[in-house]
Student: 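Here it is, the structure in full.
Numbering starts at 1 and runs along the sequence shown. Read the numbers this way: they start at 1 and go in the same order the structure lists the ligands and their atoms. Both backbone and side-chain heavy atoms feed into the values below; hydrogens, waters and symmetry mates do not.
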Amino acid sequence: MPSPIVNPLREGIANRISPEPCTLVIFGATGDLTHRKLIPALYNLAAEGALPPALTIIGFARREKTSEQFRKELEESTRKFSRTPLNEELWAQFASSIIYHQSPFDQAEGYTTLAKQMDEADHNRGTAGNRLYYLAVAPDQFPVILSHLRESGLSTANPGSWARVIVEKPFGKDLKSAQLLNTLVSEVFPECDTYRIDHYLGKETAQNIMVMRFANSIFESLWDSNHISHVQITAVEPLGVEGRAGYYDTSGAMRDMIQNHLLQLLTLTAMEPPTSLSADAIRDEKVKVLRSLRPLRGDDVFNHVVRAQYTAGLINGQPVPGYREADGVPKDSTTETFVALQVNIDNWRWAGVPFFIRTAKRMPKGGTEIAITFKSVPPVLFNRSGEGLDENVLVIRIQPDEGISLRMSAKMPGSSLRIEPVKMDFHYGTSFGKATPEAYERLLLDAMSGDATLFARRDEVEEAWAFVDGIEEAWKTRSDDLAFHTAGSWGPAEAAELAARHGVTWRRM
Ligand code: BG6
């Protein structure tokens with residue numbers, strides 16, 4: 001079998017990934033993100049030999065513990081969460097680069113000792129004075145950490161080296177708080193050294209949207225309102241709030257998923273071809289899509305957006321409690337766990353094409369996909385009644401079972417003319433014969449390489465908040481529009497009605 005041609009694009013959007021030696025400092029190193037995502041991702045990169053030859057990982061956190069204890073805890077969580085099985089020898093080698101640094105975030109001394117540890121790493125391990133600071137903490141800790149990094153001089157790299165910061169979501173809770181946060185970060189790190197994580201951008205198939213659109217000649221010429229009737233972007237999961245009620249109840253699905261992940265997928269789907277593959281050329285085009293979103297405000301919100309909350313139900317035959325029964329959720333919470341919205345992109349390419357976006361917790365199944373439905377063929381020849389043929393649908397499956405499929409009409413074998421929908425299906429796993437890496441693997445490598453393409457730029461984040469703020473403002477004026485649906489169902493009737501007004505049915509995943 002011929003092996004796939006390998007060219008640089010196949011490795012992702014950027015042409016070149018060359019992570020440089022550095023010290024990675026994780027603030028909030030005892031937290032969930034470090035255990036579930038960051039260390040397993042770094043371990044898998046180490047297992048593939050993809051990490052820079054000199055890397056030191058310093059876990060900065062408040063709790064008392066030794067580096068030995070810290071490594072042991074990380075080993076346990078990596079065993080549990082790593083996408084590949086833990087190899088003892090590889091782990092031992094990888095873990096030798098991890099140090100624990102105990103300190104409160106608000107004490108200058110902790111940063112002085114951090115500086116010493118980093119200097120030692122430069123000297124003993126060749127980390128070259130490069131610093132990557134990962135803020136894996138709640139946003140209320142950002143100001144204190146950032147100001148200490150600045151005051152201790154750690155945010156400024158020596159000539160020939162770099163200092164970068166990775167910021168985790170939630171990046172603000174509205175436009176105003178996001179602007180404040182952006183200003184705060186910009187006083188310490190320039191935009192070019194600021195990496196705002198949106199882990200959906202690191203997912204392999206999300207990166208493939210651009211490759212599919214711009215490395216093939218057949219799609220782009222059809223990618224507009226002349227040929228596309230509507231687009232559905234969905235990210236749903238069977239999980240509930242999973243012990244994150246404190247955060248989630250003040251956020252809700254709109255801030256948690258739409259403002260970031262789903263609007264990012266929308267921009268990749270709808271953007272114009274960028275002038276180059278540079279981070280800014282791509283982000284320039286993405287931000288134009290956000291600026292072209294028709295704002296939703298006042299009564300319009302209730303005509304275009306459905307919010308709902310799940311009640312007790314069954315997932316995979318197992319009973320699950322309703323959202324209001326979850327630990328830490330107020331019994332009268334009106335936080336939405338389901339959102340469906342219909343948006344318009346008011347630009348030349350997309351005028352008149354409705355985009356539908358949906359996200360929810362406690363759905364029967366989990367999955368993320370972008371489905372592009374093309375216009376029907378004219379009502380002549382095979383489609384005379386106007387309703388006999390299914391439209392072509394191109395589905396980009398972000399997860400699970402990453403791939404792309406195209407629904408077409410074909411003649412069923414036999415003497416009569418019967419036309420049925422069939423699918424052309426591409427699966428990443430089978431075509432490339434290897435498992436897709438976790439989003440955090442790609443994103444950590446990119447930050448070490450100085451490639452910000454897959455990170456959100458300041459203006460993108462702010463434009464997305466400006467759009468979401470209009471909806472949140474309208475929601476504050478009433479709560480009687482909050483619908484309810486049983487956990488394990490596909491959402492409330494109101495969402496189906498929203499789509500039906502455009503002659504559309506939500507896809508079953
Ligand atoms: C996170 C949200 O950003 O994304 C979670 O805070 C959500 O609520 C998660 O569950 C979904 O990510 P994934 O990669 O599992 O689709």
Student: Hey, does the side chain of S155 reach the backbone of F189 with a donor-acceptor pair shorter than 3.5 angstrom?
Tutor: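 Checked: no pair found.
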Student: Any donor-acceptor pair under 3.5 Å linking the side-chain atoms of Y195 with those of D446?
Tutor: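 Side chains of D446 and Y195: no pair found under 3.5 Å.
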Student: Around atom 11 (C) of ligand 1, find the nearest protein heavy atom and jot down its residue, atom name and distance.
Tutor: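 Here the closest protein heavy atom is Y200 OH, 3.9 Å.
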Student: Check each of E168, E237, H199, H261 against atom 13 (P) of ligand 1 and report the one with the nearest heavy atom.
Tutor: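 Minimum heavy-atom distance to atom 13 (P) of ligand 1 goes to H199.
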Student: Sort and list the pairs that fulfil side-chain hydrogen bond (donor to acceptor under 3.5 Å, both in side chains) and have at least one residue in residues 309-322, not counting sequence neighbours.
Tutor: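 Output for this query lists Q309-R324.
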Student: Is any side-chain N of the basic residue among E73 and K65 closer than 4.0 Å to the acidic one's carboxylate O?
Tutor: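 Yes.
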Student: Out of all atoms in ligand 1, which are within 4.0 Å of some heavy atom of K169? Include the element for each.
Tutor: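 By the 4.0 Å cutoff, the relevant atoms are 1 (C), 2 (C), 3 (O), 6 (O).
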Student: Checking the N or O distance criterion of under 3.5 Å, is ligand 1 in contact with Y248?
Tutor: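 In fact, backbone or side chain, Y248 has no N or O that close.
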Student: Could you walk me through whether W475 and E336 pass the side chain to side chain donor-acceptor pair (under 3.5 Å) check?
Tutor: CA-CA 10 Å; W475 278 353; E336 78 287 356; over 6 Å; no
Student: Among protein heavy atoms, which lies nearest atom 8 (O) of ligand 1, and at what distance?
Tutor: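 In this structure, atom 8 (O) of ligand 1 has D256 OD2, 2.6 Å as its nearest protein heavy atom.
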Student: Please determine if R283 and D459 form a salt bridge, counting it only when a charged side-chain N lies under 4.0 Å from a carboxylate O.
Tutor: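 The answer is no: the pair does not qualify as a salt bridge.
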Student: Please determine if T368 has a nitrogen or oxygen closer than 3.5 Å to a nitrogen or oxygen of ligand 1.
Tutor: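 In this structure, T368 places no N or O atom under 3.5 Å from an N or O of ligand 1.
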Student: At less than 4.0 angstrom from any non-hydrogen atom of K361, what atoms of ligand 1 do you find?
Tutor: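 Numbered from 1, ligand 1 contributes 5 (C), 7 (C), 8 (O), 10 (O).
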Student: Is Y247 in polar range of ligand 1, meaning some N or O pair under 3.5 Å apart?
Tutor: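 So ligand 1 has no N or O lying under 3.5 Å from an N or O of Y247.
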Student: We want to know whether S177 and D174 form a side-chain donor-acceptor pair, criterion being a heavy-atom distance below 3.5 angstrom.
Tutor: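 There is such a pair between these side chains.
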Student: Need the ligand 1 atom indices (1-based, order shown) with element for anything under 4.0 Å from a heavy-atom of Q399.
Tutor: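 In order of number, 13 (P), 16 (O).
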Student: Could you identify the single nearest non-hydrogen protein atom to atom 14 (O) of ligand 1 and state the distance to 0.1 Å?
Tutor: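 Protein heavy atom with the smallest distance to atom 14 (O) of ligand 1: K203 NZ, 2.6 Å.
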